[in-house]
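Data block below; observations after.
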Amino acid sequence: MASAAAAVEPISPSNTKLGWIGTGVMGRSMCSHLLKAGYAVTIFTRTQSKAESLLSMGAQWADSPKSLASQSDVIFSIVGYPSDVRHVFLDPTSGALAGLRPGGVVIDMTTSDPSLAVEIHSAATTAGCSSVDAPVSGGDRGARLAALSIFAGGDETLVTRLTPLLSNLGRVYYMGGPGKGQFCKLANQVTIASTMVGLCEGLIYAHKAGLDLSNYLNAISTGAAGSKSLELYGSRILSRDFEAGFYVNHFVKDLGICLRECQNMGLALPGLALAQQLYVSLKAHGEGDLGTQALVLALERLNNVSLVSADKK
């Protein structure tokens, strides 16, 4: 991508320099796969110490998104909130689009507002560049194993061309034009929200009924109640492992975006609204930095029970 000739070549480490913005729970693992694939990667993140493991693998450091963009052909971002996405791409003095050369591509993998994805696409087009919204699902485990589901929105030809690059991170699903990747991710979050409520309520019920919870989870995992959420989080809940693979704070953000989009669409999704309120209650108890499986804490408080005693029987 560094020349006109490269523009028709398949993307490879020999012709494409990458930029990566955001090295949190997900971003660190994801970026490491691209380094292992042989790509030259320049990194920007607000806290440089969080990028040390990637820098030790050979990544270079930039002191702003604009500086990073000037050294990159394709820029990835996976940051916390839509306001962060707006800042790293659209800030007129330090944003990536202020430094990206014509022909460059930005790929935002943050779960964000569909309308912002459309806005970034328009700004990128004006700058002679391209953009793809490509949020992901699969959590920290999917990021570590390069087994994420990637929901891509944008120009289909561009997404097809980027697929070999994105395949270093997981499986790509093309969802439609700008913003459609974000809409797919939000629908994904609606599904997960109610699934997590069901998983935790089932555990509370099984506990109250006097069942052995490990045996209970094993029994239902191969039946109709089996789910990815049960597979990823059932045993973590029983062992009181609430370390974040996906933060409660970020899930509350996602569900808030979903509810705003529901209002725009004239949709009533009561399961989504209930799940959002339960997760907000975790934030109110200072548990926003725990993982989404900490939802069980809200239901324990609601019912004045604890699964700890059950797990020790």
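Since the structure is predicted, the reported quantities are computational estimates derived from the model, not experimental observations. Quick note: residue numbers are just sequence positions, from 1.
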Can you run down the salt bridge (Lys or Arg N to Asp or Glu O under 4.0 Å) pairs that involve residues 213-238, sequence neighbours left out, and say none if there aren't any? D140-R236, R141-E231, K228-E231
Tell me the salt bridge (Lys or Arg N to Asp or Glu O under 4.0 Å) pairs involving residues 45-72, sequence neighbours left out? R46-D84
Find out if a path of hydrophobic residues (ILVMFWY) with successive side-chain heavy-atom gaps under 4.5 Å connects L302 to I237. yes
Donor-acceptor pair, distance only, cut-off 3.5 Å: does the side chain of R171 make one with the backbone of S149? no
Is the shortest side-chain heavy-atom distance between K185 and M175 below 4.5 Å? no
Would you mind reporting whether V106 and V74 have side-chain heavy atoms less than 4.5 Å apart? no
Mind checking whether M57 and W61 sit in one hydrophobic cluster, side chains of I, L, V, M, F, W, Y counted as touching below 4.5 Å? yes
With rounding to the nearest 0.5 angstrom, report the CZ to CG distance, F151 to L186. 10.5 Å
Could you check D73 against T16 for side-chain hydrogen bond (donor to acceptor under 3.5 Å, both in side chains), going step by step and ending with a plain yes or no? CA-CA 6 Å; D73 300 306; T16 306; 5.1 Å; no
Below 4.5 Å, heavy atoms only, C-beta onward: do V132 and V159 meet side chain to side chain? yes
Does the side chain to side chain contact (heavy atoms under 4.5 Å, CB included) test come out yes or no for V85 and L90, once each step is laid out? CA-CA 8 Å; V85 176; L90 300 180; over 6 Å; no
Give the table of side-chain donor-acceptor pairs shorter than 3.5 Å for residues 266-286, with sequence neighbours excluded, one pair per line with atom names and distance.
| residue | atom | partner | partner atom | Å |
| --- | --- | --- | --- | --- |
| Y279 | OH | T292 | O | 2.9 |
| S281 | OG | L278 | O | 2.5 |
| H285 | ND1 | S281 | O | 3.0 |

Side chain to side chain contact (heavy atoms under 4.5 Å, CB included) assessment of M109 paired with M26: CA-CA 10 Å; M109 309 191 87; M26 303 284 288; over 6 Å; no
Counting distance only, does the side-chain N/O of Q293 pair as donor-acceptor with the main-chain N or O of D241 below 3.5 Å? yes
All heavy atoms of G234 vs all of L199, minimum pair found to be N-CD2, 4.5 Å
For the pair S306 (side chain) and V308 (backbone), establish whether a donor and an acceptor sit closer than 3.5 Å, ignoring hydrogens and angles. yes
Under a 3.5 Å distance rule, please check whether Q182 uses its side chain to pair with a backbone N or O of A134 as donor and acceptor. no
Would you say the side chain of V105 lies within less than 4.5 Å of the side chain of I107, judging by non-hydrogen atoms? yes
Apart from Y81 itself, members of its ILVMFWY cluster (side-chain separation under 4.5 Å) are none
Heavy-atom pair with the smallest gap, counting every atom of L217 and S235: CD1-N, 4.3 Å
Any salt bridge (Lys or Arg N to Asp or Glu O under 4.0 Å) pairs touching residues 252-269, not counting sequence neighbours? D113-R260
Does a side-chain heavy-atom distance below 4.5 Å link L290 with E243? no
Can you say whether the rings of F246 and F251 are parallel (under 30°), tilted (30 to 60°) or perpendicular (over 60°)? perpendicular
Test your reading of the model: is there a side-chain donor-acceptor pair from S56 to the backbone of S53, 3.5 Å cut-off? yes
Take M30 and W20 through the side chain to side chain contact (heavy atoms under 4.5 Å, CB included) test and state the conclusion after the steps. CA-CA 10 Å; M30 294 164 71; W20 190 279; 3.6 Å; yes
Is it true that a side-chain atom of H121 and a backbone atom of D155 form a donor plus acceptor pair closer than 3.5 Å? no
Has the side chain of S64 got a donor or acceptor atom that lies under 3.5 Å from a matching backbone atom of S67? yes
Side-chain heavy-atom pair H207, Y216 within 4.5 angstrom cut-off: no
State, yes or no, whether a side-chain contact exists between L238 and S214 at a heavy-atom distance under 4.5 Å. yes
When you compare the side chain of D108 with that of F76, does any pair of heavy atoms fall below 4.5 Å? no
Identify the heavy atoms of T42 and A62 that sit nearest to each other, and give their distance. CG2-CB, 3.7 Å
Find out if a path of hydrophobic residues (ILVMFWY) with successive side-chain heavy-atom gaps under 4.5 Å connects V248 to I257. no
As a quick check of understanding, evaluate side-chain hydrogen bond (donor to acceptor under 3.5 Å, both in side chains) for S94 and D91, giving each step before the final call. CA-CA 6 Å; S94 65; D91 186 278; 3.2 Å; yes
Apply side-chain hydrogen bond (donor to acceptor under 3.5 Å, both in side chains) to the pair S14 and S12, showing each step before the final yes or no. CA-CA 5 Å; S14 65; S12 71; 2.8 Å; yes
Start with the C-alpha distance between L169 and V136, add both sets of side-chain angles, then the distance that settles side chain to side chain contact (heavy atoms under 4.5 Å, CB included), and finish with yes or no. CA-CA 9 Å; L169 309 177; V136 300; over 6 Å; no
Rounded to the nearest 0.5 Å, what separates atom SG in C129 from atom CG in L100? 4.0 Å
For the pair N15 (side chain) and P10 (backbone), establish whether a donor and an acceptor sit closer than 3.5 Å, ignoring hydrogens and angles. yes
H250 side-chain N/O to D289 backbone N/O, donor-acceptor pair under 3.5 Å: no
Would you confirm whether E300, through its side chain, and L307, through its main-chain N or O, come within 3.5 Å as a donor-acceptor pair? yes
Using the rule side-chain contact (heavy atoms from CB on, under 4.5 Å), only one of V79, L55, L54 pairs with T23; which is it? L54
Please name all residues satisfying side chain to side chain donor-acceptor pair (under 3.5 Å) with D133, sequence neighbours left out, ordered by chain then number. none
